Amino acid sequence: MPRYDSQKIEAKWQRIWRERRSFAVSEPAAQPKYYVLEMFPYPSGKLHVGHVRNYTMGDLVARYRRAQGYNVLHPMGWDAFGLPAENAAMAEHTHPARWTEDNIRTMRAQLQRMGFAYDWAREIATCHPDYYRHEQKMFLDFLAAGLAYRKESWVNWDPVENTVLANEQVIDGRGWRSGAIVEKRLLSQWFLRITAFAEELLDAIGGLERWPERVRLMQENWIGRSEGARVNFDIAGRDEKVEVFTTRQDTLYGASFLALSPNHPLALRLAERDPGLAAFIAECNRLGTSEAVIEAAEKRGYNTGLEAVHPFDASRKVPVYVANFVLMEYGTGAIFGCPAHDQRDLEFARKYRLPVIPVVLPPGADPARFAIGETAYVEDGTLYHSDFLDRLSVAEAKRAAAARIEALGRGERTVAYRLRDWGVSRQRYWGCPIPVIHCQECGIVPVPEADLPVRLPEDVNFAEPGNPLDHHPTWKHVRCPRCGGAALRETDTFDTFFESSWYFLRFCSPRATQAFTREAVQYWMPVDQYIGGVEHAVLHLLYSRFFTRALKACGYLDFDEPFAGLFTQGMVCHQTYRSEDGDWLYPDEVAADLAGGLVDRTGRPVAVGRLEKMSKSKKNVVGLETIVDTYGADTARLYLLSDSPPERDLEWTAAGIEGIWRYVNRIWRMVDEPPLPLPPPGAPLPAALPPEVVAVRRAIHKAIAAVTDDLDKFRFNRAVARIRELTHALEELPAAANGAGPVLREGLERLAQLLGPMMPHLAEEMWERLGHEGLVADQPWPEADPDLARDEQVTIAVQVNGKLRATLELPRDLGRDAVESAALALPQVMRWLDGRAPKKVVVVPNRVVNLVA
RNA sequence: GCGGGCGUGGCGGAAUUGGUAGACGCACUGGAUUUAGGUUCCAGCGAUGCAGAUCGUGGGGGUUCAAGUCCCUCCGCCCGCACCA
């Protein structure tokens, strides 16, 4: 039996699409626009099957919307700056640019072999000066608008690599690559003022209707809005104030201490004359900021000896501590402690024997006997021991206390956010240079626009540790653009999230001399359907939302939200294997022995590990080449779309891909050697068809309706199941019946169209074999005939006392009485009713009839 | 700790949103074709039972003519955030 020659056929259609420029788009067009985008990849080397799931989904959406008549923008590019290129440069003695270009070439070819309908004329790579020059300009505009600034801040510092690490790059307190214990270090860094948009970013989440609930919640939590008050405490005997932030101003009468962050300005000043405090602060700073370190660290404080005066009652004074758990970055870097109503404050108070004063009485509790034990009371209740707040609820007391604070001029209501400004400086070579110059005389001087781009030097040395830009012999030495004196370039580069925060705009006019043209962005944006991994829920997706607003503030564009619809796809997983020595093995290094056990190439037993996300480190990857060479791109694509719902993880198995391959060949046989002669294209259907042929036509139109609905709702696995049902129906078409040929033609044509977004090469080949001239990709999406898509006969479940006893085949929309009498006439029903008349009859039209005896 | 999600055959999953539980597929079993394997075709495939039938969607309880779906409660797994004042 001839097999489907995927290699030949796929290459043929890829060539035809390319020659016809089938997927090139321009704006404006008469049709409505649709922008589909998959999160662009980092060119890390080679793609494996795990990488292409979201591209397959994006391509499905692009081709489907195109068939529906939209002018579809579906671009692809490369998020090309990043640390792995530098690591490779060091390990393999190559240049990051070269390594990156090589990977891009490989991965581009891989994507092209998958047959994705990208407009390759719009391809971009963020490491090219033609791309990054625009973000240097944006940065200068942000700087002028006060949205970028430089400040000293505490960062994770890797003492071996000599660079700042992001929080994500610190694992168990150690650098992810060097394994060195990460230090806190105070460094001057560039920041983007994302907090200026905190409120707006939070409020607008409500309007992101086509975003997953999960992602919206994660962003909400990340921004972390808290309403409260800033309150000033006077320091007794000094002309000094400490401002604290609190959300529990209602519990001020329960205050028993103040705590300052180790990096609070007052703490630092006190430390100058208090060696004990200085030592305590130094120790706090030695500890990293990672989760594990924080978890292990006990709550510790240092009593400064100062006393703070209660804002409502000058006769009350509380001690002032410096405490390791108070964050300088949140609120004001100082808190007041109310141990009775905050668990952390309670633990601190118990340790340092500070008073625990309950001021909120739980409902029904006896004020004379209520006491705090091991657990702080954080629920609602009635205020007591609190002067003017007595007898108020927590909410009322918050309002009253805030009003009093404001009336006394001791503070004000305020809102605090968890969100911090985005530190964008990295001590790295393979990134976009930050376009500023440091001049002894003039301070920080922006690089004049005429001098952009600030290009990376090509002759760099990775042998020395640290930032190659910094120890490059000449690059950083420049003249100050303002005074002309000797000055130094900024040698930090941008965080690579900078590039990905606006690439979707560049795709709209990728060859424009400016970052993007207003017209193109006006036409294409926002992205109608964005597809990517949930791991970017708060990073890239939040940064991009911020960037869009920042660009709007600088006059670049006129909208706020970049992504109207977001879909987060699940990962592709695969079994892991380990050799006797504990080394990971690739799936193709593992074979079954005669007894059915698994062995490696030397015949030694192999341990089967957990099902895990495909990753190079665990070697549980299946190369894209292997699969495409053996089965073709379409088979891989259909596998990635079938079985698992797109948002859930998918397990890749050899048996699964074999199953899809069998199905591909089954479809292929139907067009290669049709079981009955097909009339020429466009031949009309006979007027009168026998019922069994009409049934097949119904199956065709039901499939069209169901698949269309499923694709609209991102239920790709179900759409595949519907298409397989259609395949069955066509196979069962009675060959001898009148009209069988024309109906088979109709069925195969629709099948080709429905498969088009999923298996585009097979679909084109089918279309051609069916005698059509043009491309199936250029055909409009089929429409279901509503009369055929709806059944004329329906199966009605007949229940007696809620249990299924029989089914009835009846005409659709038959009257209640007729359904009831048909049910009552059934012998099984008569038996179960045992001659009695039902007490109650429930008829659900076209579904069920329930007879209650 | 806080927030969210999930739990259906041996497995991935479906169930018109309260109306025939298990679509579609994987694996498996039997048969046909084949020298054989593979492919292909036919049949079977939740559990118990010879059968009529009974039970069955993590456990328990409830609402309803009717519950995988709604409510309460417990159990288990997964993800995110986490000294945030």
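Model, not experiment: these values are computed from the prediction. Per chain, numbering begins at 1; letters A, B, ... match sequence-line order.
Contacts of residues 703-718 of chain A with RNA chain B (heavy atom under 4.0 Å): A:R715, A:N717, A:R718.
Note: CD1 (A:I723) to P (B:A23) measures 19 Å, nearest angstrom. At whole-Å resolution of the value, CG in A:L539 and C1' in B:G80 are 12 Å apart. Taking atom CZ of A:R420 as the reference point, atom P of B:C81 lies 14 Å away to the nearest angstrom.
OP1 or OP2 of B:G25 lies within a sub-4.0 Å distance of a side-chain N or O belonging to A:H728. Taking only side-chain nitrogens and oxygens, A:S642 never comes nearer than 4.0 Å to OP1 or OP2 of B:G12. Of the side-chain N and O atoms in A:R344, one or more sit less than 4.0 angstrom from OP1 or OP2 of B:C84. Under 4.0 angstrom from either OP1 or OP2 of B:G18 there lies no side-chain N or O belonging to A:R847.
Not counting sequence neighbours, A:H264 has no partner by the side chain to side chain donor-acceptor pair (under 3.5 Å) test. Residues satisfying the side chain to side chain donor-acceptor pair (under 3.5 Å) criterion with A:K351, sequence neighbours excluded, are A:E298. By the side chain to side chain donor-acceptor pair (under 3.5 Å) test, A:D709 pairs with A:K713, sequence neighbours left out. Partners of A:T630 by side chain to side chain donor-acceptor pair (under 3.5 Å), not counting sequence neighbours: none found. Applying the salt bridge (charged side-chain N to carboxylate O under 4.0 Å, His left out) criterion to A:R410, with sequence neighbours excluded, gives A:D234.
Within 6.0 Å of CZ in A:R420 there are more than 12 heavy atoms belonging to other residues, nucleotides or ligands. In the displayed structure, A:E792 atom CD is contacted under 6.0 Å by at most 12 heavy atoms of other residues, nucleotides or ligands. For A:E209, the CD atom counts as loosely surrounded, since its 6.0 Å shell holds 12 or fewer non-hydrogen atoms of other residues, nucleotides or ligands.
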A correct 5'-to-3' footprint of nucleotides 50-56 of chain B, with B, S and - meaning base, sugar-phosphate only and no protein heavy atom under 4.0 Å, is ----SS-

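Remark: A:R724 is positioned above the aromatic ring of A:Y663, its terminal NZ or CZ atom under 6.0 angstrom from the ring centre and at most 45 degrees off the axis.
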Write out a two-atom table: protein N or O, nucleotide N or O from nucleotides 63-70 of chain B, distance below 3.5 Å.
from  : atom 1 : to     : atom 2 : distance (Å)
B:C65 : O2'    : A:N850 : ND2    : 3.0
B:C65 : O2     : A:N850 : ND2    : 2.6

All N/O contacts under 3.5 Å from nucleotides 5-11 of chain B to the protein, with atom names and distances to one decimal?
none

Would you list the protein and nucleotides 26-31 of chain B atom pairs, both N or O, that sit under 3.5 Å from each other?
from  : atom 1 : to     : atom 2 : distance (Å)
B:C26 : OP1    : A:R662 : NH2    : 3.3
B:A27 : OP2    : A:R662 : NH2    : 3.4

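The backbone N or O of A:I194 sits less than 3.5 Å from a side-chain atom of A:D421, completing a donor-acceptor pair. A:Y321 places no side-chain N or O within 3.5 Å of a backbone atom of A:F257 that could act as its donor or acceptor partner. With hydrogens and angles ignored, the 3.5 Å screen pairs a side-chain donor or acceptor of A:D380 with a backbone N or O of A:V394.
Nucleotide B:U54 is shown with an anti base, its glycosidic torsion being more than 90° from 0.
Along RNA chain B, the nucleotide closest to A:S226 and the one closest to A:E731 are compared, and the more 5′ of them pairs with A:E731. Each of A:V844 and A:R248 has a nearest nucleotide on RNA chain B; the 5'-most of these lies closest to A:V844.
Counting any heavy atom pair closer than 4.0 Å across all strands shown, A:L327 reaches a base atom. Heavy atoms of A:V326 sit under 4.0 angstrom from at least one base atom.
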Please list, one pair per line, the donor and acceptor atoms closer than 3.5 Å that link side chains of residues 795-808 of chain A to other protein atoms, with sequence neighbours excluded.
from   : atom 1 : to     : atom 2 : distance (Å)
A:T795 : OG1    : A:E809 : OE2    : 2.8
A:N801 : OD1    : A:A853 : N      : 2.9

Given Watson-Crick and G-U pairs under 3.5 Å, RNA chain B in dot-bracket ([ ] crossing, | other strand) is (((((((..(((......[....))).(((((.......))))).(((....)))..(((((..]....))))))))))))....

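Donor-acceptor pairing under 3.5 Å, judged by distance alone, is absent between the side chain of A:R666 and the base of B:C41. Applying the 3.5 Å distance criterion, the base of B:U40 shares no donor-acceptor pair with the side chain of A:R669.
In this structure, A:Y253 has its ring center closer than 6.0 angstrom to the ring center of A:H310.
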